[in-house]
Amino acid sequence: MHKFNLDGAGGLFTVLVLTFSVCGLAEEPQLGSARVVFQTDHGDIEFGFYPSVAPITVDHIYKLVRLGGYNTNHFFRVDKGFVAQVADVANGRTAPMNEEQRVEAYKTVVGEFSQVKHVRGILSMGRHEDPNSGGSSFSILLGNAPHLDGKYAIFGKVTKGDDTLRKLEELPTRREGIFVMPKERVTILSTYYYDTELEACAKDRTNLKRRLEASFVEIERQRVKCFP
């Protein structure tokens with residue numbers, strides 16, 4: 001697995017065109033090739049993005065990841081069967097931010113609402129009453145929540161780590177108003193990202209090399225057999 005420098009910038013997404021019908025989404029959105037991993041003190045959570053559904057949101061969250069913005073942040077909310085919510089970067093980190101992280105952390109993005117459904121594993125932006133107030137806080141759905149459909153911007157989904165989410169759901173919690181919060185801090189120790197297309201290319205090169213080596217061995221065997 002390739003781990004990229006979290007203080008770097010850049011990165012490309014493959015935007016896939018989706019077909020919409022009058023009744024709703026004709027097919028499930030396709031994930032881009034980028035993957036992000038949050039390493040928590042209860043295990044890893046990997047997720048991918050829907051750049052064709054929420055390109056502005058995806059670009060913003062992915063940039064924060066590349067800058068290391070979510071390192072030392074935490075899940076301030078864990079409501080079993082509903083959501084596990086990441087705190088906003090500006091207030092949730094224990095480490096101080098550098099200037100570039102600070103600039104990105106205080107940005108807000110427009111509400112990119114879609115017809116994608118809120119089901120377990122979906123990533124959904126947090127916001128205030130203003131539909132265009134999404135910042136850096138987002139939720140991972142721990143169950144189906146149709147009452148959120150069309151009201152919060154969906155931008156990706158979990159690809160690995162449901163076992164970690166189930167561990168989080170079993171943690172002791174306390175209630176503060178509408179929020180169900182873990183009694184212990186669930187820290188995002190570190191983050192990294194990689195590209196599945198690059199991973200696939202590396203595997204293809206390795207397999208090709210092995211096939212060529214095997215062919216060479218077979219050719220040599222036949223040569224020796226025919227010309228002892």
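The aromatic ring centroids of Phe82 and His147 lie less than 6.0 Å from each other. Aromatic pair Phe113/Tyr152: centroids not less than 6.0 angstrom apart.
Arg185 is listed as a side-chain neighbour of Thr94, based on a closest heavy-atom distance under 4.5 Å. Between Phe155 and Ile61 there is a side-chain heavy-atom pair separated by less than 4.5 Å. Contact check for Asp44 versus Phe38: no side-chain heavy atoms found under the 4.5 Å cut-off. Counting only heavy atoms from C-beta outward, the side chains of Thr164 and Thr40 approach each other to under 4.5 Å. You'll find the side chain of Asn144 stays beyond 4.5 Å of the side chain of His118, heavy atoms only. Between Phe76 and Ser137, the closest side-chain pair of non-hydrogen atoms falls below 4.5 Å. Side-chain contact check for Ile154 versus Met125: every heavy-atom pair is 4.5 Å or farther apart. The shortest side-chain heavy-atom distance between Arg120 and Leu165 falls under the 4.5 Å cut-off.
Cluster annotation: Val103 is not connected to Tyr106 through the hydrophobic network of ILVMFWY side chains, with a link wherever side-chain heavy atoms come within less than 4.5 Å.
At least one donor-acceptor pair under 3.5 Å links the side chain of Glu112 to the backbone N or O of Thr57. In this structure a side-chain-to-backbone donor-acceptor pair under 3.5 Å is missing from Asn71 to Leu189. Between the side chain of His60 and the backbone N or O of Gly135, at least one donor-acceptor pair lies under 3.5 Å. At least one donor-acceptor pair closer than 3.5 Å links the side chain of Glu169 to the backbone N or O of Gly81.
The CD atom of Gln85 sits 10.5 Å away from the NE2 atom of His74 when rounded to the nearest 0.5 Å. With values rounded to the nearest 0.5 angstrom, Met181 atom CE is found 13.5 Å from Leu171 atom CG. Here the NZ atom belonging to Lys157 is positioned 4.5 Å from the OH atom belonging to Tyr50, to the nearest 0.5 angstrom. Once rounded to the nearest 0.5 Å, the distance linking CG of Leu67 with NZ of Lys63 reads 6.0 Å. Note: Gln39 CD to Ser190 OG = 3.5 Å, rounded to the nearest 0.5 Å. Note that CZ of Phe47 and CD1 of Ile122 are 12.5 Å apart. Values are rounded to the nearest 0.5 Å.
With salt bridges taken as basic N to acidic carboxylate O contacts below 4.0 Å, one links Glu176 and Arg174.
In the model, Ser33 has a side-chain atom that pairs as donor or acceptor with a side-chain atom of Asp195 under 3.5 Å. Residues His42 and Glu170 have side chains that never bring a donor and an acceptor to within less than 3.5 angstrom of each other.
When Asn73, Ile45, Thr72, Asp41 are each tested for a side-chain contact (heavy atoms from CB on, under 4.5 Å) with Ile188, only one passes: Asn73.
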